[in-house]
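In this text, all values refer to a predicted model and were calculated from it rather than measured experimentally.
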Amino acid sequence: ASRMERPPYVVLLCPDAYSNGMFNVDANDFLMVAESGKRDAERRRMYAGGNISVVGFPIRTEARKYYGRRDELRAELGIGESDFVVTLSDGGYGIARLEKTVDELVRIGDPITIIALCGKNDELYKRLSKKETTENIKIIPVPFTNDVLRYVAVADVFCGKSGANSVAEAAYFGVPMVINGCITYIEKGIKNYYVKELGAALYIPSAKLAARKISELSRSPRELEVYR
């Protein structure tokens, strides 16, 4: 594009809290979603040139149809208004800490509804569909779906790794987060942003300890307010 007689105006969006070498390309306007990320990019020259502007994270448009409808959506899913709900997600393949977290929550036995987003992991979905629980625990396993937002919007707590979309969508709905892992250095930066800067999440990289904290929060839900 730079070699064209009339080069186009190029806008580049970095959806992560902090920039990295992949975004070090020519652009007229480099868009970032965090003020701290902008300062870091300017300090480290993590972009090729042009302006840097801070914009809001581009949440999917369909999220709007679920915003503010928590109780209505719960009723559609057969979940009570006062039930404590945790939504667990481990990315598209559900292969990290999701099942271990479910196992520990069941072992502890506090009254919790567990929504397990299994993604494309059909075997995990089958196992959780057959899992025996006590009467206090309700497990709602969800196979691969394009309607993830519905299950995030009804939660009291979201638990999963710090993928950019996952945590941003939970924050959009005002759902506190327990981040239980960072697979890449990009996700580590996202985790630091939500935990240390926004104060919207806890970082507990252990399935057992994360489950124990979720159970504690289910017994004292007012403690969640500081993370909203």
Side-chain angles (χ1 to χ4, degrees), residues 63 66 69-92 94-119 121 124-125 127-129 131-143 145 147-163 165-182 191 194-195 199-228:
Y66 297 126
R69 296 176 55 210
R70 174 180 176 272
D71 293 344
E72 179 186 349
L73 294 171
R74 283 189 170 207
E76 292 176 3
L77 295 171
I79 300 171
E81 291 184 13
S82 61
D83 292 353
F84 189 89
V85 179
V86 57
T87 296
L88 305 177
S89 174
D90 260 342
I95 57 175
R97 297 184 169 94
L98 191 153
E99 189 168 14
K100 291 181 179 179
T101 306
V102 172
D103 289 343
E104 185 66 11
L105 288 170
V106 171
R107 188 195 68 78
I108 295 170
D110 284 320
I112 295 177
T113 295
I114 304 168
I115 298 176
L117 301 176
C118 301
N121 192 332
L124 174 62
Y125 172 72
R127 288 196 300 273
L128 294 182
S129 296
K131 189 172 182 63
E132 295 183 2
T133 66
T134 65
E135 61 181 16
N136 285 338
I137 301 286
K138 179 178 182 180
I139 301 177
I140 303 176
V142 181
T145 176
D147 199 17
V148 168
L149 293 168
R150 172 189 300 273
Y151 301 99
V152 177
V154 300
D156 291 291
V157 175
F158 174 85
C159 179
K161 69 184 187 71
S162 54
N165 287 323
S166 299
V167 293
E169 288 164 354
Y172 174 79
F173 291 115
V175 176
M177 291 167 272
V178 174
I179 294 173
N180 63 8
C182 307
K191 177 264 294 181
Y194 281 89
V195 173
L202 293 164
Y203 179 54
I204 308 176
S206 159
K208 286 189 175 182
L209 295 180
R212 291 174 191 174
K213 184 61 180 180
I214 291 167
S215 289
E216 289 176 12
L217 292 169
S218 75
R219 297 191 293 269
S220 303
R222 290 185 180 180
E223 293 182 15
L224 289 168
E225 293 304 316
V226 298
Y227 302 107
R228 297 191 191 280

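Between Ile139 and Lys131, the shortest heavy-atom distance links the atoms CD1-CD, 3.9 Å. Considering all non-hydrogen atoms of both residues, Gly181 and Arg97 come closest at CA-NH1, 3.6 Å. Residues Gly160 and Phe158 share a closest heavy-atom pair of N-CE2, 4.0 Å. Contact record, Ala153 with Leu73: CB-CD1, 3.9 Å, taken as the closest heavy-atom pair.
With rounding to the nearest 0.5 Å, the separation of OG in Ser162 from CE in Met177 is 10.0 Å. Rounded to the nearest 0.5 angstrom, Tyr151 OH and Ile79 CD1 are separated by 9.0 Å. In this structure, the separation between OG1 on Thr113 and CG on Asp156 is 9.0 Å, given to the nearest 0.5 Å. Distance CG/Leu202 to CG/Asn180: 11.5 Å, rounded to 0.5 Å. Rounding to the nearest 0.5 angstrom, the gap separating the OH atom in Tyr203 from the CD1 atom in Ile179 is 8.5 Å. Of the inter-residue distances, the one linking Thr134 atom OG1 with Arg107 atom CZ reads 12.0 Å to the nearest 0.5 angstrom.
Proximity of Phe84 to Val157: side-chain heavy atoms (C-beta onward) are separated by under 4.5 Å at one or more points. The side-chain heavy atoms of Val106 and Glu132, taken from C-beta on, include no pair separated by under 4.5 Å. Counting only heavy atoms from C-beta outward, the side chains of Ile108 and Arg212 approach each other to under 4.5 Å. Within the 4.5 Å cutoff, no side-chain heavy atoms of Tyr66 are placed close to those of Val152.
Judged as a side chain to side chain donor-acceptor pair (under 3.5 Å), and not counting sequence neighbours, the contacts of Glu72 are Arg69. Evaluation of the salt bridge (Lys or Arg N to Asp or Glu O under 4.0 Å) rule for Arg150 yields Glu76, Asp147 as partners, not counting sequence neighbours.
A salt bridge links Arg228 with Glu225; the closest basic N to acidic carboxylate O contact falls under 4.0 Å. Checked for salt-bridge contact, Glu81 and Arg74 miss the test: no charged N lies under 4.0 Å from a carboxylate O.
None of Val85, Thr101, Val102 except one satisfies the side-chain contact (heavy atoms from CB on, under 4.5 Å) rule with Ile114; the exception is Val102. Among Ser215, Cys159, Ser218, the single residue meeting the side-chain contact (heavy atoms from CB on, under 4.5 Å) criterion with Val86 is Cys159.
By the neighbour-count criterion of 12 heavy atoms within 6.0 Å, atom NZ of Lys208 is sparsely surrounded, having that number or fewer from other residues, nucleotides or ligands.
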- Message: Let's go through Leu128 and Cys118 carefully: what are the C-alpha distance in whole Å and the side-chain angles of both, what is the deciding distance for side-chain contact (heavy atoms from CB on, under 4.5 Å) to 0.1 Å, and is it a yes or a no?
- Response: CA-CA 9 Å; Leu128 294 182; Cys118 301; 4.0 Å; yes
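Not one N or O on the side chain of Ser220 forms a donor-acceptor pair closer than 3.5 Å with the backbone of Glu223.
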